[in-house]
Amino acid sequence: MGMNNDRREFLIKSAKIAGISLCGCVLSSIIAACDNDGETVAPPEQPKPENYPVLKISDYPTLSSVGGMIMVIVRDKNNKPVNNGNPLIIFRIEQNKFVVLDSICRHAGAQVVLPSSPGGDIFCPAHSAKFYSSDGSLKDKGSASGDVPSLLKYNSVFDPIENTLTIAI
Ligand code: FES
């Protein structure tokens, strides 16, 4: 029973990192499958969580309090920049919750700029589009023609014990 609970927690945590929601029945079937063949669950097409970049929040004083937001190039464990070398926007929206967004506007590829005050809008200087900093969704398309997609959002998991943020990218 304890083993299944441990596996359940591991699966939920892994799925959250991968941006997947697991219902109870799916969890049960995965756990049952594990019990049958003795192997851990790691879908081959998914990036492995252990390869995700892990940020030490203590390295970024701006993120030490709720409302802090930075734009930073993030490197994986092999010191290779992720997100094609483009910075990520990291916003501490709650004590234990962060929002991670691509800093590249998907309308025409300009780099957005951070809001001037906590919780303000992210701004794209190319066509004056504005995005909600809470989730990267479009607030105002400004002078842009055609569709302006939301900023790409990446799932992340904060570990309050280690004070680290793991980003699923
Ligand atoms: S490139 Fe951002 S609104 Fe056009």
Side-chain angles (χ1 to χ4, degrees), residues 12-23 26 42-160 162-169:
I12 290 171
K13 191 168 183 182
S14 298
K16 277 184 181 169
I17 290 173
I20 301 167
S21 296
L22 294 179
C23 68
V26 172
E45 67 278 12
Q46 294 290 338
K48 288 194 169 75
E50 61 264 30
N51 292 334
Y52 291 154
V54 179
L55 267 65
K56 290 182 189 167
I57 297 302
S58 58
D59 289 344
Y60 305 95
T62 306
L63 295 178
S64 64
S65 54
V66 174
M69 180 184 272
I70 61 170
M71 192 184 289
V72 65
I73 292 176
V74 174
R75 297 174 183 274
D76 65 18
K77 291 184 173 172
N78 297 315
N79 206 30
K80 183 180 168 200
V82 299
N83 200 37
N84 295 322
N86 295 310
L88 295 176
I89 295 170
I90 302 175
F91 178 29
R92 189 169 201 159
I93 193 167
E94 295 175 14
Q95 186 61 31
N96 290 327
K97 186 176 172 190
F98 290 72
V99 174
V100 180
L101 303 168
D102 187 7
S103 66
I104 300 302
C105 178
R106 296 168 69 210
H107 176 244
Q111 186 168 86
V112 299
V113 295
L114 297 183
S116 53
S117 56
D121 300 325
I122 296 167
F123 180 71
C124 179
H127 303 105
S128 304
K130 292 178 183 171
F131 303 88
Y132 292 102
S133 54
S134 57
D135 62 1
S137 62
L138 181 69
K139 179 178 184 181
D140 181 345
K141 67 186 284 188
S143 61
S145 58
D147 290 341
V148 178
S150 299
L151 299 176
L152 277 178
K153 184 178 171 197
Y154 298 102
N155 289 317
S156 61
V157 175
F158 177 60
D159 182 336
E162 298 292 330
N163 197 25
T164 57
L165 184 71
T166 301
I167 303 171
I169 186 170

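We use all heavy atoms of the structure for the numbers below, so side chains are in, but hydrogens, waters and symmetry mates are not. In listed order, ligands and their atoms are each counted from 1. Residue numbers count from 1 along this sequence.
For His107, the N, O or S atom with the smallest separation from atom 4 (Fe) of ligand 1 is ND1.
More than 12 non-hydrogen atoms from other residues, nucleotides or ligands lie less than 6.0 angstrom from CG of Asp59.
Between the Ser103 side chain and the Pro87 main chain, a donor and an acceptor come within less than 3.5 Å of each other. Between the side chain of Asp76 and the main chain of Asn78, a donor-acceptor pair closer than 3.5 Å is present.
The distance from atom 2 (Fe) of ligand 1 to the nearest N/O/S atom of Cys124 is under 2.8 Å. Within the 2.8 Å limit, His127 places at least one N, O or S atom next to atom 4 (Fe) of ligand 1. Atom 4 (Fe) of ligand 1 has no N, O or S atom of Cys105 closer than 2.8 Å.
The nearest heavy-atom contact from the protein to atom 1 (S) of ligand 1 is Ala108 N, 3.4 Å.
Listed by number with element, the atoms of ligand 1 under 4.0 angstrom from any heavy atom of Ala126 are 1 (S). Heavy-atom contacts of Ala129 reach the following atoms of ligand 1: 3 (S) (cutoff under 4.0 Å).
Nearest heavy atom pair, residue Val66 against residue Gln95, reads CG2-N, 3.4 Å.
Taking the six-membered ring for Trp and thresholds of 30 and 60 degrees, His107 and His127 have ring planes more than 60 degrees apart, a perpendicular arrangement.
In this model, no donor atom of one side chain and acceptor atom of the other lie less than 3.5 Å apart for Asn86 and Asp102.
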